[in-house]
There are 2 protein chains.
Amino acid sequence: MVKHMDVPEETMQRMLAYLRELDCLWNEGKEKFSSQSLAKALHMNPAQIRKDFSYFGEFGTRGVGYATKQLIQELRAILNLDRTWRLALIGVGNIGSALLRNPELKRQGFEIVLAFDKDPRRIGNKIGPLTVEDVVNVKRRIREEKVQLAIIATPVECAQETADKLIQADIKGFLCFAPCHLSIPDEIRIVPIDIPMALGKLVYHMEV
Amino acid sequence: MVKHMDVPEETMQRMLAYLRELDCLWNEGKEKFSSQSLAKALHMNPAQIRKDFSYFGEFGTRGVGYATKQLIQELRAILNLDRTWRLALIGVGNIGSALLRNPELKRQGFEIVLAFDKDPRRIGNKIGPLTVEDVVNVKRRIREEKVQLAIIATPVECAQETADKLIQADIKGFLCFAPCHLSIPDEIRIVPIDIPMALGKLVYHMEV
DNA sequence: TCTTGTGAAACGCTTCACAGCA
DNA sequence: TGCTGTGAAGCGTTTCACAAGA
């Protein structure tokens, strides 16, 4: 199976959207689908879907379509979503604790196994099965628990230093909720979730 | 000033990133910058920045660069961020209440003025200055309060019906935290924030 | 000399259109 | 006949390279 090289980033993101939609179709009992039916549901061009799939292999049957269950498995494998990922969370404020309480993440294969904060009033608190630990121990604990991914949910002021600490702990990628640019080496992957920026995208298109 | 027509979506998103970075530069006391210095800070090509700006006008001085404060004002006006936007929040669970408690939003010009839920145990609760209202009154209250934008923070199961209700209430755009595709008319704008999908983007690039 | 603003070239993604199969 | 898989065309974005101006 082809992977990564020469696959546009846009294709990969759509693959995630296809998988999400296919999970729905499967739950609704739809055992097969065509590029046309999926395209209609997602408001897009069927050729786009076929082209996206074609980067990774041939999954359909000409004249018939695709088998939903089989495609779900293929997509999970392609996207590395056929296993459980262990995450560290840094910053147990509003957003951080919302993530800890969110059962959807575990259902999708993402388990937060470590939670850190720098505020002494939060250290030691239990949230679900986890105890909030002191952020000074990040490096040691992440290595002990063999965690590869992290979520930065600290205030902007601490985001860069947190990222630096995580990189020292050999974290290979993180999700960042702090609305600021972080300087990190090229080989580290960062996916930002910037809520004010998302609201900015929304209002740009509003007539005033 | 040119606006919207012929401006690539990518350009608009980068404009938001420029503004975010310029706010930082201004706070650090940097009164001017060049496309080169900004490009270096953001890890990008300076020609890209100049081209992006050029869609909206000429903001710099040849041989000199740009004035930080002036550019911040220009960008705010271009992006419709030179005013306060009033929002309704639907779903006061983990994520919803984290948003209500997040002071960053108001600082950036986004004020949540209405909060709704369908769970009787949450209706009537006070969070900060707001009281959680019954979602059955969404339409009336949104019109009374003249709110144009909404945040959907409900579970996936209620997301589509919530969107339908909001559209009936003449909401023109929304941010959606529910990780699912929503069917909405073309003229309504939706910006999704899908946390499991963001984690998916992250792990695709991990070697296993 | 330095940096902006911008046509034009280069590049990459999307869409088309049709051959290949069931 | 119906739908997939795909080379090639079409199209939009990025980057280059340089004229213009401080």
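First the proteins, then the strands, lettered A, B, ... as listed; each starts at 1.
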Classify the angle between the aromatic ring planes of B:Phe33 and B:Tyr66 as parallel (below 30°), tilted (30 to 60°) or perpendicular (above 60°). parallel
Counting side-chain heavy atoms from C-beta on, which of D:dT15, D:dA8, C:dT6 comes nearest to B:Gln48? D:dT15
Contacts of A:Ala47 and A:Val64 projected onto DNA chain C by closest heavy atom; the upstream (5') one is A:Ala47
Expressed as a whole number of angstroms, how long is the span from B:Leu71:CG to C:dT3:P? 16 Å
Would you indicate whether B:Gln36, at its atom CD, is surrounded by more than 12 heavy atoms from other residues, nucleotides or ligands within a distance under 6.0 Å? no
Checking A:Asp194, A:Ile195, A:Leu199 against A:Met197 for side-chain contact (heavy atoms from CB on, under 4.5 Å), the one that qualifies is A:Asp194
Would you kindly give the CZ-to-C1' distance between B:Phe56 and C:dG5, to the nearest whole Å? 15 Å
Would one find a side-chain N or O of B:Tyr55 under 4.0 angstrom from OP1 or OP2 of D:dT13? no
Side chain of B:Arg50 only, please: which of D:dT6, D:dA22, C:dT4 is the nearest? C:dT4
Is B:Arg62 side chain donor-acceptor paired with the C:dT4 base, going by distance under 3.5 Å alone? yes
Write down the distance between CE (A:Met44) and P (C:dC13), rounded to a whole number of angstrom. 15 Å
Minimum-distance nucleotide to A:Lys51 side chain [options: D:dT4, D:dT6, C:dG7]: D:dT6
Out of C:dT6, C:dA22, D:dC16, which nucleotide sits closest to the side chain of A:Thr61? C:dA22
note: B:Ile49, atom CD1; D:dT15, atom C1'; distance rounded to Å ~ 13 Å
Using whole Å, report how far CG of B:Asp52 lies from C1' of D:dT13. 10 Å
Under 4.0 Å between a side-chain N/O of A:Tyr66 and OP1 or OP2 of D:dG2, yes or no? no
Think A:Arg14 has a side-chain N or O under 4.0 angstrom from the OP1 or OP2 of C:dC13? no
From CD of B:Gln70 across to P of C:dT4 the rounded distance in Å is 13 Å
Rounded to whole Å, the CD-C1' distance (B:Glu10 to C:dG12) equals 12 Å
Tested for side-chain contact (heavy atoms from CB on, under 4.5 Å) against B:Phe174, the lone hit among B:Leu149, B:Val191, B:Ile188 is B:Ile188
Rounding to an integer number of Å, can you tell me how far A:Gln36 CD sits from C:dC16 P? 13 Å
OP1 or OP2 of D:dT4 less than 4.0 angstrom from a side-chain nitrogen or oxygen of A:Ser35, does that happen here? yes
For A:Glu144, look at atom CD and say whether over 12 heavy atoms of other residues, nucleotides or ligands are found less than 6.0 Å away. yes
At under 4.0 Å between heavy atoms, what does B:Phe53 touch on the DNA or RNA strands: base, sugar-phosphate, or nothing? nothing
When you get a sec, tell me which of D:dT4, C:dT4, C:dC16 is the closest nucleotide to the side chain of A:Asn45? C:dC16
State which of D:dT13, C:dT14, C:dG5 makes the closest approach to the side chain of B:Pro8. D:dT13
Spacing of CD1 belonging to B:Ile78 relative to CG belonging to B:Leu19, to within rounding of 0.5 Å: 10.0 Å
